[in-house]
Every structure is written in C-alpha cells, then in structure tokens.
Amino acid sequence: MNNLQGLLKDWRRTNYASQCDAEIAGSDVTIMGWVHEIRDFGGIMFVIIRDVTGRVQITAPSKKVGEEILEELRELRKESVVAIKGTAQEAPKAPNGVEILPKEVKILNLANQPLPMDPTEKVKAGIDTRLDSRFLDIRKENVSAIFKIKGQMFHTIRDFFYDNGFYEINTPKLVASATEGGTELFPITYFEKEAFLGQSPQLYKQMMMASGMDKVFEIGQIFRAEEHDTLRHLNEAVSIDAEASFADDEDVMKILNDMIIQVLKDVNENCADELDILGHEIEVPSGDFPVVTYDEAIDIVNSKDVEMEWGEDLSREAEKALGDTMGGFYFLTRWPSEIKPFYVMPVDGDEKYSHAFDLMYNNLELSSGATRVHQYDLLVKQIEERGLNPAGFGSYLKAFEYGMPPHAGWGVGADRLTMVLTGSENIRECVLFPRDRHRLTP
RNA sequence: GCCCUGGUGGUGUAGGGGCUAUCAUGUGGGCCUGUCGAGCCCGCGACUCGGGUUCAAAUCCCGGCCAGGGCGCCA
C-alpha cells in the first residue's frame, strides 16, 4: 500500500524480556524484539521473542486467541522485528515460568529469508561468514556478551582515570609526519598534501605534559599498516593511553596495575551473566603483579630451550615460553635501550638498559610503557642514534625546550585486554567491525 | 610477506577421474494443542575463478582470488 509500514505509533515497550517472570503474571505487557524461533503446532503456536536482555515466549493457543492473531503470527519469519501486546501468565512449562498470551501483534519489519547465517547457532558459521553479517552475528548472546563486557571495561577505566585526577583528551589521528620510525603508516591524501593515519598518540600526550595538564588519558583508535596476519593483530585498534607528569615508570606501573585490578573486579561483579554465557572465569590477582626483568626473562626462555640473545625482542616462541612460566599478569622490565624507542629513558649510569616495561598476560603483550626522556638534548641524541632526523620532529621537540617536566606513561591495547576479559582467542571476536590485512568491510 | 591446510546449496559438511553429488540445518508448502535442538510428509537449493591434462574434471596439474592455522613484521 505504501512504504510507511510497521510504525511504532503509540506503542512503547513496557517490559524487556528479562523483566518477564512469575512476578508480572496477570499484567498486560508490550514486548518488542526479534523473532528468535517459531514453533507452529496448528492448534497452538509458540514464538520466542529476543531482545537485548534475553528471551520471552509468546504462547498462542487457538482456543484462547483470535484467528486473526494466529494469522499474523504465521506471517512472521525468523529474525523479523515485532511488537506484541499481551497478558503475562504463569506457566511452569514455559521458560522463566512465564509466557505472554498475545492480544495484538504489530509486525515492525519482516526479515528476508533465507538469512545469511543462523543466529540460533544450530549450524555454527565460520568467523568470516559471521563478520560479513556482523549485525546478525551480534544478535547472538555469546557475541553481544563480549561487547557488554568491553563496555564495562571502558566504563571502569574512565571512572578510574577521573577518580585519579587524569583529564581525558583527544589527539589528532590525521598526522603529517611519517618520521616517527618503526611501524608502517597508512598514507592518505590531505588536500594538496600527503598525510598519515596516526599510529599512536604517544608524541601528543607527551606534548600535553608540557601544557601543564599534569595527567592525561585518551581512549582512541590507532592505525598500523603492518601486513600481519595473526589472531592478536589488527590494522585498526583501540588504544588506552595514559601519561603522567612528575612520575616515573614505577609510578605508572602502579597506576596500570590498580586499573587492571579494578577492571577485573568490576567485570566480575557487573557482568556475571555475560561471563557465564561465555563460560569464562576471571581470577582477580591480589596485590601487585609479579615483575620479571628482561635479563631474567632471557634465562627463563633459554632454560626452555628457546634461543634468545641479549638485545633481541621476544620471538613468538619466547613469549610463549615466558608466558608458560609466569602465567597471568606480569610486568617485564628493564629492557635494553637499543630495542626501545627514542623517547624511552635510559637507566642512569647503566645506559644500555632502559626504564621501559611491558605488561603481559600469559604470552600476550597488553601494554608498553616507560619513563620518558624529558631533556631536549638527550632526546635529540636518541633520535639521531636511531637513524631518524630530528628535523622531522620539530613541533614535538619544541615542547621540550620551554619547560617539560619529568613524566612517564603507557598504552594498553583495549581489544587485547578484552580478549583476556572474555577468554577470546581471536582479537576479531573483540572488535565490532575489525580491520585486518584483508577486511575493510563492513 | 613466508610455510602448511583448505574453498561443495543461505549456513556447516561428506565425497575425491565417469553419480541424478552425501548429510545436517535452513527455506517454501502440508499435518499436528505444550514446544523449548519439537516431530512427520512433500518440494527447493551447491562443486572458488581462469588455464591445462583427459574420451571424460567438482575430483589431477599450474596460476589467481579467498579462508583457516603457524611464523615473520608490529618505534
């Protein structure tokens, strides 16, 4: 007739599915959600409606509901969006002990058939198929559980930072310089100039230390054009970055330690249902995470018959060997200066070591941090030593010439931390619309 | 980028020179008054692409693309 079908008009939801239990028996409710399953027995029909909170059963016995209601229910297809007005009644045979006897049915939007994947998971789809139809995939409670937990994680982290005197900032993701060295950047066209997508807020948050803002944090996207193809790398990730003035590595490790503990506690407390759905348990370590130095790590790795020489970064095999020994969360400290970036502070009197640290969980690197160099001359020297050109760092270096305080900070991979919180083995599971070497859509 | 493995209905799979291509789920229709992985009946729907070998290729070979796993890369 026209395109304006399925309008809400004056219909509004009165109860979420999870709010339908024996307590509400006898009352009239309006349910809105997706058709999870339909079981039509001819004389009685069951329709399971799902919303963000769970599921509720609509029961339509032909003896008790009108023929026109049954006709409308028979038009439904899986995953269609409906609103149903009805009366809740106790029913020991129904899930949750309650079911809704429908009085009015409003089809808000029919779903085409067949579906590109099965959200009820009778036949499990592969990750690629799932990501191609991610919105449908997220309708599954074991998928949305991951993002509910991730949301709690961000909530706790923001609360933690605000409670500890950090100011939330945003730094540019469109950057001019490709001279930071190291990782590959994505080049883009910026009007008549070349520009890049930011790989890290590192230089900006350091410049903020010269602004007098004292302690800042940022939660934002980072972009890395590396052609890696693993379960723990993406080309677009979310980084949780913190930087604090008048602080050193020990101070910010303590902050990181406390923040992680708080996240673990809050997720345990507020996401018990989601953890249950995922079949995952979180153990909250008591007190401070163990610390292992780089030199000790080499000994551990070597003792497991994995080769590693001083001055090398940990190979994947070395990470696994170390993770097997340490287990859980632990800090890896006192890294060689030569394999750390120019902005990392060397150890006074023993310059081949640095004040850099990583936070690990088993064999997964979650965070890197350090005391930073705040002295202009040392910074220039370290930039040059790494074969980089100080001229490319003009606006960054300028901040070190007019009163830069000693400072330290770290960055945490938010998506990797989510893997730990949810027990996911593929980082793609922990990002709504992941960007990897091969995937740019949806 | 390298190595290994793979690509068969919408989804997940079996098969592995000659088939009408297996099964499940789904989907369309029918029966059915307590399902909750409902059941039963009927129908629908597929061999990644390009080249080669062969009387014959979904099957063997080469290449592309894509995927899974591992590694490398990841200041």
Side-chain angles (χ1 to χ4, degrees), chain A residues 36-48 50 55-65 70 74 77-79 89 91-97 99 101 111-133 136-137 177-185 198-200 202-203 222-235 237 239 313-320 335 337-344 354 356 358 365 368 370 372-373 382-383 385-388 392-393 396 411 413 416 425-428 436-439:
Chain A
H36 186 71
E37 281 193 279
I38 304 163
R39 295 195 192 91
D40 185 357
F41 284 70
I44 187 168
M45 201 172 163
F46 303 98
V47 179
I48 314 294
R50 183 191 63 240
R55 301 172 201 167
V56 62
Q57 175 167 290
I58 309 299
T59 302
S62 57
K63 271 190 187 165
K64 292 190 184 172
V65 304
L70 283 167
R74 289 205 170 92
R77 296 293 176 265
K78 281 188 178 184
E79 297 306 320
Q89 61 176 211
K93 290 178 193 166
N96 306 324
E99 63 191 12
L101 220 66
N112 288 156
Q113 304 292 334
L115 300 163
M117 58 170 285
D118 171 22
T120 65
E121 276 199 315
K122 280 177 193 162
V123 178
K124 287 196 179 182
I127 183 88
D128 208 47
T129 302
R130 291 171 46 208
L131 290 175
D132 282 339
S133 301
L136 265 176
D137 187 45
S177 172
T179 55
E180 289 177 30
T183 196
E184 295 292 318
L185 303 185
Q199 61 175 278
S200 156
Q202 179 64 31
L203 305 188
I222 59 171
F223 304 91
R224 302 196 168 173
E226 299 294 338
E227 297 195 350
H228 34 46
D229 214 344
T230 77
L231 297 181
R232 58 197 182 285
H233 291 273
L234 289 175
N235 297 287
S239 177
D313 209 338
L314 276 72
S315 67
R316 187 68 193 132
E317 208 183 359
E319 283 180 335
K320 284 176 175 170
W335 285 76
S337 291
E338 62 186 83
I339 52 170
K340 283 292 169 182
F342 60 78
Y343 48 77
V344 168
S354 74
D358 279 5
E365 180 189 332
S368 287
R372 319 299 192 186
V373 173
Q382 298 213 126
I383 289 172
E385 280 171 358
R386 282 160 182 76
L388 301 169
F393 296 87
Y396 169 68
R416 285 189 177 184
E425 283 178 4
N426 189 339
I427 195 166
R428 276 155 266 251
D436 63 26
R437 176 72 184 85
H438 304 286
R439 180 175 287 279

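Numbers restart at 1 for each chain; the letters A, B, ... are given by sequence-line order, proteins then strands.
Contact check, His438(A) against A67(B): a side-chain N or O comes under 4.0 Å of OP1 or OP2. At least one side-chain nitrogen or oxygen of Arg437(A) sits closer than 4.0 Å to the OP1 or OP2 atom of G1(B). For the pair Lys320(A) and C71(B), the criterion of a side-chain N or O lying under 4.0 Å from OP1 or OP2 is met. An OP1 or OP2 oxygen of C74(B) is reached within less than 4.0 angstrom by no side-chain nitrogen or oxygen of Arg224(A).
The base of C74(B) is paired with the side chain of His233(A) by a donor and an acceptor separated by under 3.5 Å.
Partners of Asp137(A) according to the side-chain contact (heavy atoms from CB on, under 4.5 Å) rule, which considers only residues two or more places apart in sequence or in another chain, are Met117(A), Arg130(A), Arg134(A), Lys140(A), Val143(A).
Residue Ile339(A) is classed as having no contact, given no heavy-atom separation below 4.0 Å to the nucleic acid. In this structure, Ile48(A) reaches neither bases nor backbone, as no heavy-atom distance under 4.0 Å exists between it and the strands shown. Within the 4.0 angstrom heavy-atom criterion, only backbone atoms of the sugar-phosphate kind lie near Lys124(A); the bases stay farther away. Across all strands, Pro95(A) comes closer than 4.0 Å to base atoms (heavy-atom distances). Residue-level contact check: Gln113(A) touches the backbone only, with heavy atoms under 4.0 Å from sugar-phosphate atoms and none from bases. As judged by a 4.0 angstrom heavy-atom cut-off over every strand, Arg77(A) is placed among residues touching the sugar-phosphate backbone only.
Candidate nucleotides G70(B), G34(B), C73(B) were compared by shortest atom distance to the side chain of Glu99(A), and G34(B) ranks first. Closest to the side chain of Thr129(A), out of G12(B), A67(B), C73(B), is G12(B). Distances were taken from every side-chain heavy atom of Ala125(A) (C-beta onward) to each of G68(B), G12(B), G34(B); the shortest belongs to G12(B). Of the listed nucleotides (G70(B), U33(B), U35(B)), U33(B) has the atom at the smallest distance from the side chain of Ser62(A).
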Contact pattern, 5' to 3', of nucleotides 38-49 of chain B - B, S or - by protein heavy atom under 4.0 Å: B-----------

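Within the shown strands, nothing qualifies as a pairing partner of G72(B) under the Watson-Crick or G-U definition with both distances less than 3.5 Å.
Checking side-chain atoms of Arg437(A) against main-chain N and O of Glu227(A) turns up no donor-acceptor pair under 3.5 Å.
For the pair Phe223(A) CZ and C74(B) C1', the computed distance is 16 Å after rounding to whole Å.
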